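Every value quoted in this text rests on a predicted model; they were computed, and no experiment measured them. No hydrogens, no waters, no symmetry mates; every other heavy atom, side chains included, goes into these values. Ligands are counted one by one from 1 in listed order, and the atoms in each one are counted from 1 as well.
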Amino acid sequence: MYSAADKKRTTQVTISTLAKMKREAEKIVMLTSYDASFAKLCSDVGVDVILVGDSLGNVIQGKKTTIPVTLDEIIYHTNCVMNGNETAFVIADMPFMSYANLNDGLDNAGRIMKESGAHMVKLEGGKELVELVKAMAVRGIPVCGHLGLMPQSVHKMGGYKVQGREQEEADHMVAEALALQEAGIDMLVLECVPAVLAKRIAAELAIPVIGIGAGVDCDGQVLVLQDMLAITPGKRPKFSKDFMAGAGSIAEAMAAYVKQVKNKEFPAQEHTF
Ligand code: KIV
């Protein structure tokens, strides 16, 4: 069982740490952060991976979608996170259309790595990204994929909906995940996917598969910080949980999230599709 004594890491989490955690079936805890203060708290409570998500468009800027977020904004917020972070592995989202072709993708990923110090970049999409992922991998840029509900494609998808419910769609997602792994991604996020499909993908892939609304059988979990602190305006998504309820402080709420992911108490059935 995960205990308070396990909380504070003393060494930097690396891609090798995360691969070992998958091999040893230790759950990976990922949380979004966008500034130095929360990044420091993440390190203090034992969050393994900080995601500087383009969800900052929603929760920091108050926009309706992630689409307006710019590369400079991602670099700015990732820099803030790197200043506060001590031991967590840091992933920066590549914004909408910043990787629409090979050259832009390489240039912009290079800018994120050089100007922010992020350890990995994240891209939304499937087989259309194979060439770009290969090109990044051989140039030493670690990449996290993102399948299922892809918020940058919200208008194409017709809203924020669970993906992969039909058998054909599910098989297609498995094929896309395998193609991305073959191309060289080192991690995959699955968003709003039925738990049974996420379990299948996590079992078939050798790399860590991190779920958000994808059930407890993923290799780890990610939530948007403001959702789990219950300060996002409006209705909380089904897959999130109010970790402030019963917590005495923000740090306690974040520590409870870490503990519940590590111990497979979160996500429960009620957070799952
Ligand atoms: O932008 C973000 O925060 C994300 C998570 C929802 C996975 O991509």
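In the vicinity of T32, heavy-atom distances shorter than 4.0 Å reach the ligand 1 atoms 3 (O). Numbered from 1 in the order shown, with element, the atoms of ligand 1 that lie under 4.0 Å from a heavy atom of L51 read 2 (C), 3 (O), 4 (C), 5 (C), 7 (C), 8 (O). For ligand 1, the atoms closer than 4.0 angstrom to any heavy atom of H146 are 8 (O). Residue G53 has at least one heavy-atom neighbour below 4.0 Å for each of these atoms of ligand 1: 1 (O), 2 (C), 3 (O). Interface of D54 with ligand 1, defined as ligand atoms under 4.0 Å from a residue heavy atom, comprises 1 (O). Close approach of ligand 1 to I212 (heavy-atom distance below 4.0 Å) involves ligand atoms 6 (C).
Between D93 and ligand 1, an N or O atom pair is found at a separation short of 3.5 Å.
For D54 and Q152, the side-chain atoms include at least one donor-acceptor pair closer than 3.5 Å. Side-chain contact of N79 with S116: a donor-acceptor pair under 3.5 Å is absent, judged by distance alone. Y76 and T78 are not linked by any side-chain donor-acceptor pair at a separation below 3.5 angstrom, with hydrogens and angles left out of the test.
Ranking protein heavy atoms by distance to atom 8 (O) of ligand 1, first place goes to K122 NZ, 2.8 Å. Nearest to atom 2 (C) of ligand 1 among the protein's heavy atoms is S55 OG, 3.3 Å.
Using a 4.5 Å cut-off between side-chain heavy atoms of Ile, Leu, Val, Met, Phe, Trp and Tyr, with links allowed through other members, M150 and M187 fall into different hydrophobic clusters. Linking Ile, Leu, Val, Met, Phe, Trp and Tyr residues whenever their side-chain heavy atoms come within less than 4.5 Å leaves M94 and F96 in two separate clusters.
D171 and R200 are joined by a salt bridge, as a carboxylate oxygen and a charged side-chain nitrogen come within less than 4.0 angstrom of each other. A salt bridge is defined here as a Lys NZ or Arg NE, NH1 or NH2 lying under 4.0 Å from an Asp or Glu carboxylate O, and R165 with E169 fails to meet this definition.
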